[in-house]
Novice: 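Before anything else, here's the structure in question.
Throughout, protein chains are lettered first and strands after them, A, B, ... in sequence-line order, and every chain is numbered starting at 1.
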Protein chains: 2
Amino acid sequence: MHASSLPLPRPLLERLAAYHQIATQHGELGNVSIRSGHLAALLDIDPTLVRKDMAALGVVGRPKVGYPISAVLPRLDHILGLTDRKNAILIGCGDLGSALARYGGFSKYGLQISALFDADEAKTGRTIAGLTVQPMEKCRRYIEIFRIEMAILAAPAGCVQELADWLVARGVRAIWNFAPVHLKVPVGVVVRNENLALGLAQLLHEIKRTKTAPSLAEAPEPTGTRLESA
Amino acid sequence: MHASSLPLPRPLLERLAAYHQIATQHGELGNVSIRSGHLAALLDIDPTLVRKDMAALGVVGRPKVGYPISAVLPRLDHILGLTDRKNAILIGCGDLGSALARYGGFSKYGLQISALFDADEAKTGRTIAGLTVQPMEKCRRYIEIFRIEMAILAAPAGCVQELADWLVARGVRAIWNFAPVHLKVPVGVVVRNENLALGLAQLLHEIKRTKTAPSLAEAPEPTGTRLESA
DNA sequence: TAGATTGTTAATCGATTAACAATC
DNA sequence: TAGATTGTTAATCGATTAACAATC
């Protein structure tokens, strides 16, 4: 049971997740295999890179045909850890929290939201996606009893760091944070700060870039490292 | 009015957005400046890299003090395009759409959601975040009149590609897609596929990695390129 | 001053791309 | 067969890190 622990670089991980999404869609359209050129075109990357990734995944393709989707998806599932069933609690049941609780996409990837909590009494008792929103007082015991290791935070930005500290102290080892705050956690705890504004920034930047780059015969960059002339 | 059009690499863009978030928080705590070491520790990167980024941004720091937040934030605002005011429409007012409409974080970054649409008659007429949900029939005219260039899609996965095509044909140039589908758009149109499952995949992978890497004296990797032994 | 931190060049490292052979 | 596509090595490119000087 050897499990290598290469910290897959971010861009690679993003590609793999995108391959998964695209291959799934492609398969649902009735296709049996998928070409490197197809994936590459959709992701705007070099086909060679896709082939290299496939080789690294251990998937073998056939010239003129492509890679069998039935081989690609399980490999991606495995590498991405989507097969390991995982229970999580969700804290904060406002709009975003409710959306996440109802979001069908997670269970497909092995994530089961097993309980909902909210500090706001007005929200407790409500049922979302078949689960009753519980008061925070019950959270502690729930974590202990079910040995919860993962929490999804959709609570207000102001209290989310405190909440995270509290969860970590109670044994939670992975936090998926949707509040627009950068959480600090001790080593050994995994955190992902979702930061929607980051996505927005990327989009805005891209828009700006494509708009202000009409002429190909622009004055060549003075070979500095400045991101932009002041 | 020279605007260089360097396609800022993804990791850099992510760092910049994270700097923005952290520097903002740090400033709200009453600090006037921020150190490269502080940013580096939070992001788990090398301090040198932060300093290089700051230099590229054109921000000068002071030894023993750090970088003035009042200089850092405006530069980041500008590079990330957060200062350019931008109107967008939001299509799909389920839980996720509602959450996005109410999400306060966007307006702070220059994004104004100016209208909501939904194909479901049960949802039209409702008011979310001060805006009335309008039927899709009104969407076309709205785009034309207000020359909308950006759309946020929180519609069901099944119809979102068709929707995107339709929007692009009507002049929309940027799409922020929250449906778990990889959208294809013509060149010249900017799309960001938000893909929440990707975030999940990264988190799961990280969990898996840290869990299965207890011994440092593991058998050395056979110097292949395989992501994992089969 | 001493010490911490910034600034910057050079070295390293790794990821992407180019080229081309192999295969269906 | 011809043509398209995979597979793989070598070359390139760019990003990160190391080292150290400069500065408060």
Side-chain angles (χ1 to χ4, degrees), chain A residues 4-19 23 26 31-72 75 79 221-227 230, chain B residues 4-19 23 26 31-72 75 79 221-227 230:
Chain A
S4 57
S5 58
L6 327 161
L8 299 192
R10 179 78 63 96
L12 172 56
L13 214 39
E14 289 197 9
R15 287 201 302 276
L16 297 183
Y19 295 163
H26 202 64
N31 297 289
V32 185
S33 50
I34 191 165
R35 306 206 158 106
S36 64
H38 184 222
L39 286 162
L42 285 178
L43 296 177
D44 206 21
I45 58 178
D46 195 294
T48 306
L49 187 49
V50 176
R51 292 200 283 277
K52 223 204 86 235
D53 288 340
M54 289 298 164
L57 281 170
V59 177
V60 288
R62 287 202 341 200
K64 181 84 179 150
V65 176
Y67 299 87
I69 292 176
S70 63
V72 172
R75 290 300 299 142
I79 289 287
E221 296 292 324
T223 37
T225 357
R226 289 294 287 280
L227 292 181
Chain B
S4 56
S5 56
L6 328 160
L8 300 192
R10 179 77 65 96
L12 172 57
L13 215 37
E14 289 198 9
R15 288 201 303 275
L16 297 183
Y19 295 162
H26 202 64
N31 297 289
V32 185
S33 51
I34 190 165
R35 306 207 158 106
S36 64
H38 183 224
L39 287 162
L42 285 179
L43 297 176
D44 206 21
I45 57 176
D46 194 294
T48 308
L49 187 50
V50 176
R51 292 200 283 278
K52 224 205 85 236
D53 288 341
M54 288 299 165
L57 282 170
V59 177
V60 288
R62 285 202 342 198
K64 181 84 179 150
V65 176
Y67 299 87
I69 292 176
S70 62
V72 172
R75 289 300 297 143
I79 290 286
E221 296 292 326
T223 37
T225 356
R226 290 292 288 281
L227 292 180

Novice: Spell out, as yes or no, whether a donor-acceptor pair under 3.5 Å connects the side chain of R35(B) to the backbone of A40(B).
Specialist: no
Novice: Report, as a single string ordered 5' to 3', how protein heavy atoms within less than 4.0 Å touch nucleotides 11-24 of chain D: B base, S sugar-phosphate only, - not at all.
Specialist: ----SBSB----BS
Novice: Mind calculating the distance between CG (L57(A)) and C1' (dT6(D)) to the nearest angstrom?
Specialist: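 About 15 Å, once rounded to whole Å.
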Novice: Would R10(B) and E14(A) satisfy side chain to side chain contact (heavy atoms under 4.5 Å, CB included), going step by step from the backbone distance to the final call?
Specialist: CA-CA 11 Å; R10(B) 179 77 65 96; E14(A) 289 197 9; 2.5 Å; yes
Novice: Is the distance from OP1 or OP2 of dT6(C) to the nearest side-chain N or O of S36(B) less than 4.0 Å?
Specialist: yes
Novice: Run through DNA chain D and report every stem of 3 or more consecutive Watson-Crick or G-U pairs, distances under 3.5 Å, ordered by first number.
Specialist: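 Detected stem regions: C:3-24 with D:3-24.
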Novice: Verify side chain to side chain contact (heavy atoms under 4.5 Å, CB included) between H38(B) and V50(B), making sure each step is shown before the conclusion.
Specialist: CA-CA 10 Å; H38(B) 183 224; V50(B) 176; over 6 Å; no
Novice: Any heavy-atom pair between the side chains of L16(B) and L57(B) that's under 4.5 Å?
Specialist: yes
Novice: Please lay out, stage by stage, how R62(A) and Y67(A) fare under the test side chain to side chain contact (heavy atoms under 4.5 Å, CB included).
Specialist: CA-CA 6 Å; R62(A) 287 202 341 200; Y67(A) 299 87; over 6 Å; no
Novice: Could you pull out the closest heavy-atom pair between H26(A) and S33(A), with the gap in Å?
Specialist: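 Scanning both residues completely, I find the closest heavy atoms to be CD2-O, 3.4 Å.
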Novice: So do the side chains of I79(A) and L8(A) get within less than 4.5 Å of each other, counting heavy atoms only?
Specialist: yes
Novice: Check whether any side-chain N or O of D46(B) sits under 3.5 Å from a backbone N or O of T48(B) as a donor-acceptor pair, and report yes or no.
Specialist: yes
